Colleague: 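Below is a structure I'd like to ask you about.
Computed from a predicted model, the values in this text were never measured in an experiment. Below, read A as the first sequence line, B as the second, and so on, with proteins coming before strands; counting in each chain starts at 1.
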Protein chains: 2
Amino acid sequence: MNKKPALDPEDRATDAAARAGWLYYVGGLTQDQIAAELGVSRQRAQRLVSKAMSEGLIHVRLEHRIARCLALEAALKAQFGLQTVRVAPSLGPGVDPVRGLAPVAASVMERFLRQPDPLIIALGTGRALRAMVEELPKMSCEQHKLISLIGNIAPDGSASNYDVIMRTADTVRAPHYPMPLPVIIDDPEIRRMFYQLPQLKIVARLAAQADVTFVGVGHMTDSAPLYVDGFISARDLAEQRALGAVGEIATWCFDDRGRYIEEGLAQRVGGLKAQCKAGGQVIGIAAGQDKVVPLAAALAGKLLDGLLTSEETAEALLG
Amino acid sequence: MNKKPALDPEDRATDAAARAGWLYYVGGLTQDQIAAELGVSRQRAQRLVSKAMSEGLIHVRLEHRIARCLALEAALKAQFGLQTVRVAPSLGPGVDPVRGLAPVAASVMERFLRQPDPLIIALGTGRALRAMVEELPKMSCEQHKLISLIGNIAPDGSASNYDVIMRTADTVRAPHYPMPLPVIIDDPEIRRMFYQLPQLKIVARLAAQADVTFVGVGHMTDSAPLYVDGFISARDLAEQRALGAVGEIATWCFDDRGRYIEEGLAQRVGGLKAQCKAGGQVIGIAAGQDKVVPLAAALAGKLLDGLLTSEETAEALLG
DNA sequence: CAGTTTGGTGAGCATATGCCCGCGACCTGG
DNA sequence: CCAGGTCGCGGGCATATGCTCACCAAACTG
């Protein structure tokens, strides 16, 4: 005669753990109070609470639109082996995702800028990058160095619209190192000459030592920013696409596996590839439907160590 | 032109709080780690976590059958102003709820028995009470005193079946004070005589000083335990019901508002009403469909300071 | 424009928490 | 019946947490 099937000691232990967990997490009691309530020692109460958690009796969920973004961040980190990931909440179906991304990205950059130790921060180009810079608060960051990866001379000879470094340096009051050369240099001789300039070598050396590099990621559709803004011709665009280009970072095109394309346009680019010192990180900033393919490629090719994007884009990248 | 509706500072603060809360409760990071992760001071991280909780962003739920019981306990405590409440999980629709209640109730009593300081513990009668006692582990409680509220002599002159004190005292090895008198004493003279006995006066004085009193709660239906077990006659039962009795505690009947009925049967009861010292508590133990009405009445009349019952019964009491 | 108030910030400290360790009870196999 | 092993328990300690206090900066007010 087995008399008491209801008295499984395991069950009773779990019941007690559940009770302790309830008191701790729901009731907000301290472990001392729980110990008194259940008439056990504090250590026992601690073990019960711990058991309730480890047995998965306690479920915590975050009631906030950002919860989804946090889950996406975790997934992106895991899937692509990224260090820094931030996903900005959607502002609604009709709203440009870059709008929501900008302040979120700015807070990430601000965190670097607030470091008291001197940092070398390199900047690429892009609409989202520019929007981020607009959101930076006024600061005083004399200790850091801002480096531009891209030339500051537009095809028409004016200062490039794409050049975010001046604006950034102005806002955060940091020493800055622009690249004194055109974005695209057709003549190989002249290009070589530029690359011999001492100040450009300084910038290149700094870029290689960057603690963090923020870059936009461009797409190569018919409305590719490089083409629309007049940096490259329709012929260049077609050529790169024929070579497999699906995106570009700082005017350097790459294919769908994130491998840089060294032929054609790459021979005329005036600027530096996204890079940083060992232990630093290259952080991509981009959002929007057009950016899904180039981002996926850049992530596959490990061109990025971090990603700041929008909820919709993150979903598309993981989908 | 209001430029940035997406930048409500309140929203940003809440977003940060949500992020911190997620890292703390879901990710299990310490506040120091969160501070490092978000690039803020630990104090700020602590405030964010606290804000996430206070704004109700964090929801905790207990994934366990006992969760419902805990909720019922909280409701019973609040609704009836009780100190000690324990609701035993249901073992299924067909199973006697007393079976599940017994070990739960035993753990409550055990907690009192484990007190190193001497306690006076009074005991009433009842099936659930008896079942509880059966579940007590062997202990050594020389410091306490066990008091019986009810006579230990059954109508046929034998030791009463209802007498739980001997069994309890035997199991927990505590000094015990049974009531040396019949449960029902028909002759008023003899009853008066009994009440004059010095040892009975001692017991009565101890009962009034009880730290805790455990009592069953009987019903007054046709199958009332008092009647079925032969302590009272069908006539007595009918009389008490006519006087409004819906339940009894230690053979003392009360009406639907929990007021003791002093006429009729009460004149012949041999024993003490459930009582305890100021600051002590009277704990009712009962479960089952029949007990809902008497329990509701006893709770309404503040006859009980604590309640040990089953899930189904608790639901019915609150329903 | 100066004084005031309010909201937020970092320092410091008392308390709560988590964890390691030694002890004793219980179980198991001889 | 006993020796060895295992498990769980409470003591104690390093660390994390929550809270209070004094301060600062921005907004408000006379």
Colleague: Rounding to a whole Å, what distance do you find between A:Asp32:CG and C:dA16:C1'?
Modeller: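 Between C1' of C:dA16 and CG of A:Asp32: 7 Å.
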
Colleague: Charged N to carboxylate O under 4.0 angstrom, A:Arg65 versus A:Glu311?
Modeller: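 No.
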
Colleague: Regarding A:Ser310 and A:Thr313, is there a side-chain donor-to-acceptor distance under 3.5 Å anywhere?
Modeller: yes

Colleague: Give the rounded distance in Å between these two atoms: CD of A:Gln43 and C1' of C:dC20.
Modeller: 12 Å

Colleague: Whole angstroms only, please: what is the CZ-P distance between B:Arg44 and C:dG10?
Modeller: 8 Å

Colleague: Just the rounded figure in Å: distance from C1' of C:dA16 to OH of A:Tyr24.
Modeller: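 So the two atoms are 8 Å apart, to the nearest Å.
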
Colleague: Check whether any side-chain N or O of A:Gln46 sits under 4.0 Å from OP1 or OP2 of C:dG18, and answer yes or no.
Modeller: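 Looking at the OP1 and OP2 atoms of C:dG18, one of them is under 4.0 Å from a side-chain N or O of A:Gln46.
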
Colleague: Do A:His144 side-chain atoms and A:Leu113 backbone N/O form a donor-acceptor pair below 3.5 Å?
Modeller: yes

Colleague: Roughly, in whole Å, what's the span from CD1 in B:Ile34 to P in D:dA16?
Modeller: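 From B:Ile34 CD1 to D:dA16 P: 12 Å.
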
Colleague: Would you indicate which nucleotide in C:dC21, C:dG18, C:dG12 comes nearest to any side-chain atom of A:Arg42?
Modeller: C:dG18

Colleague: Let me have the donor-acceptor pairs involving side chains of residues 31-50 of chain A, under 3.5 Å, with sequence neighbours excluded, atom names and distances please.
Modeller:
from	atom 1	to	atom 2	distance (Å)
A:Gln33	OE1	A:Thr30	N	2.8
A:Gln33	OE1	A:Thr30	OG1	3.4
A:Ser41	OG	A:Arg44	N	3.2

Colleague: Would you kindly give the OH-to-P distance between B:Tyr25 and C:dT17, to the nearest whole Å?
Modeller: 12 Å

Colleague: Is the distance from OP1 or OP2 of C:dT9 to the nearest side-chain N or O of B:Ser41 less than 4.0 Å?
Modeller: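 Looking at the OP1 and OP2 atoms of C:dT9, neither is under 4.0 Å from any side-chain N or O of B:Ser41.
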
Colleague: Quickly work out the B:Lys51 NZ to D:dC19 P distance and round it to whole Å.
Modeller: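 So the two atoms are 16 Å apart, to the nearest Å.
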
Colleague: What's the CZ-C1' distance between A:Arg47 and D:dC7, to the nearest Å?
Modeller: 11 Å

